[in-house]
Amino acid sequence: MALAPGLRHLFLCAAAVLLVVHQLPGCARASDPDILTDYVVPRDLLADPSQINGTFFTYTRLVSSNAGDPAKFTVTKATAAEFPALLGQSVSSAALVFGAGTVNPPHIHPRASELLVVVEGALFVGLVDAARNGTLHTATLQAGDMFVFPRGMVHFQSNDGTGVARAFSAFGSASPGTISLPTELFETGIDDTVLEKSFHTDQATVDALKNDLQQPPVPGPAPPQDSAGVALLGGARLAAAMLCVGTAFSLVL
């Protein structure tokens with residue numbers, strides 16, 4: 001059936017836009033583009049195909065470059081940026097080390113789902129379910145347990161134990177991206193007045209949140225938890241947590 005002239009024009013315009021966007025090297029995409037070859041050869045290797053060997057398909061720094069700091073949360077990534085052989089493969093990985101009492105703050109991966117497996121210690125994890133009006137799903141994972149964080153949904157991990165916890169994450173994208181809510185809200189230069197009005201708070205609270213986020217985390221024993229398993233936080237950290245969860249819900253709707 002032939003398209004009406006107006007619809008045909010609209011279709012051709014949309015197709016042209018999609019073609020241009022797909023070919024722009026610096027254009028952000030919601031997911032990995034499909035490739036027409038088995039793998040993508042980086043431009044700097046096109047002139048010397050002999051470098052496409054076992055070494056090209058090997059990455060050795062995922063664990064070796066993250067010995068872990070018992071006082072911090074640390075993460076190393078194997079995405080297309082660090083491991084070019086992943087270009088076009090729609091997979092990547094990360095190694096996470098949690099010092100006692102540390103947390104991976106609420107964040108989003110805009111281009112990939114995440115499958116996390118704990119390999120040492122235990123982790124308390126949470127997921128904000130936008131499909132169910134912002135319901136918070138939590139679980140305590142032991143070594144060998146897995147948890148999936150769907151693409152674009154706000155989530156976090158916390159080590160509430162007294163020892164180091166380690167985990168690995170697999171992503172359904174070679175470039176999953178990470179948007180940290182505390183950082184995006186309070187460390188990117190958003191006008192204080194906007195933050196005050198958005199969160200129905202005052203300048204003093206915004207200043208306290210910014211100052212608190214700039215301080216290095218102090219590890220320690222896990223705070224007490226109520227029957228719902230939600231940690232009791234104090235001062236600016238409680239406000240930051242509530243603000244982030246509220247903003248998270250609005251972002252993923």
Side-chain angles (χ1 to χ4, degrees), residues 28-32 73 75 90-94 96 98 101-119 121-161 165 167-173 175-188 190 194-201 205 209 213 222-253:
R29 300 185 178 94
S31 60
D32 288 10
F73 163 71
V75 58
S90 298
V91 293
S92 58
S93 187
L96 303 90
F98 295 80
T102 61
V103 63
N104 186 5
H107 60 281
I108 297 169
H109 301 298
R111 293 182 292 276
S113 299
E114 174 184 1
L115 185 62
L116 178 139
V117 57
V118 178
V119 296
L123 287 177
F124 178 69
V125 303
L127 165 68
V128 178
D129 187 346
R132 287 179 169 76
N133 298 319
T135 300
L136 178 64
H137 305 300
T138 63
T140 298
L141 308 180
Q142 306 295 331
D145 293 343
M146 304 177 76
F147 196 94
V148 63
F149 304 104
R151 183 175 72 178
M153 289 194 176
V154 178
H155 59 281
F156 65 88
Q157 302 102 25
S158 175
N159 177 11
D160 295 340
F168 288 94
S169 290
F171 300 94
S173 168
S175 180
T178 299
I179 299 174
S180 171
L181 296 183
T183 299
E184 293 296 317
L185 290 173
F186 298 102
E187 297 184 7
T188 56
I190 296 177
V194 174
L195 294 173
E196 292 172 38
K197 292 180 178 180
S198 298
F199 300 123
H200 305 287
T201 187
T205 302
L209 290 169
L213 289 169
Q225 294 187 341
D226 61 19
S227 58
V230 178
L232 297 176
L233 304 175
R237 285 188 175 84
L238 175 59
M242 297 304 295
L243 294 181
C244 285
V245 170
T247 303
F249 178 53
S250 65
L251 284 174
V252 295
L253 281 180

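The structure displayed is predicted, hence computed values, not measured ones.
Put simply, the side chain of Phe73 reaches to within 4.5 Å of the side chain of Leu96, judged on heavy atoms. Side-chain atoms of Met153 and Asp129, non-hydrogen and from C-beta on, do get closer than 4.5 Å to each other. With a 4.5 Å cut-off on side-chain heavy atoms, Gln157 and His107 count as touching.
Here CD1 of Ile190 is found 7.5 Å from CD of Glu184. Values are rounded to the nearest 0.5 Å. Rounding to the nearest 0.5 Å gives a distance of 12.5 Å between CD1 of Ile108 and CZ of Arg151. To the nearest 0.5 Å, the span separating CG on Leu195 from CG on Leu209 amounts to 9.0 Å. Interatomic distance, CG of Leu181 versus CZ of Phe156, reported as 11.5 Å (0.5 Å rounding). The CZ atom of Phe147 lies 5.0 Å from the CG atom of Leu127; values are rounded to the nearest 0.5 Å. In this structure, Leu185 CG and Ser198 OG are separated by 9.0 Å, a value rounded to the nearest 0.5 Å.
Side-chain polar atoms of Asn159 and Thr102 form no donor-acceptor pair below 3.5 angstrom.
Nearest heavy atom pair, residue Ala167 against residue Leu123, reads CB-CD1, 4.0 Å. The shortest non-hydrogen separation linking Pro110 to Pro176 is CD-O, 3.3 Å. Closest approach of Val154 and Pro106 over heavy atoms only: CG1-CB, 4.0 Å. Heavy atoms only, all atoms of each residue included: Thr135 and Arg132 are closest at OG1-O, 2.6 Å.
Judged by distance alone, with hydrogens and angles left aside, the side-chain atoms of Ser93 form a donor-acceptor pair with the main-chain N or O of Ser169 at under 3.5 Å. With Thr140 contributing its side chain and Phe124 its backbone, the two residues share no donor-acceptor pair below 3.5 Å.
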Checklist entry - ring-ring contact (aromatic ring centres under 6.0 Å, His included) between Phe149 and His109: does it pass, once the steps are laid out? => result CA-CA 9 Å; Phe149 304 104; His109 301 298; 8.1 Å; no
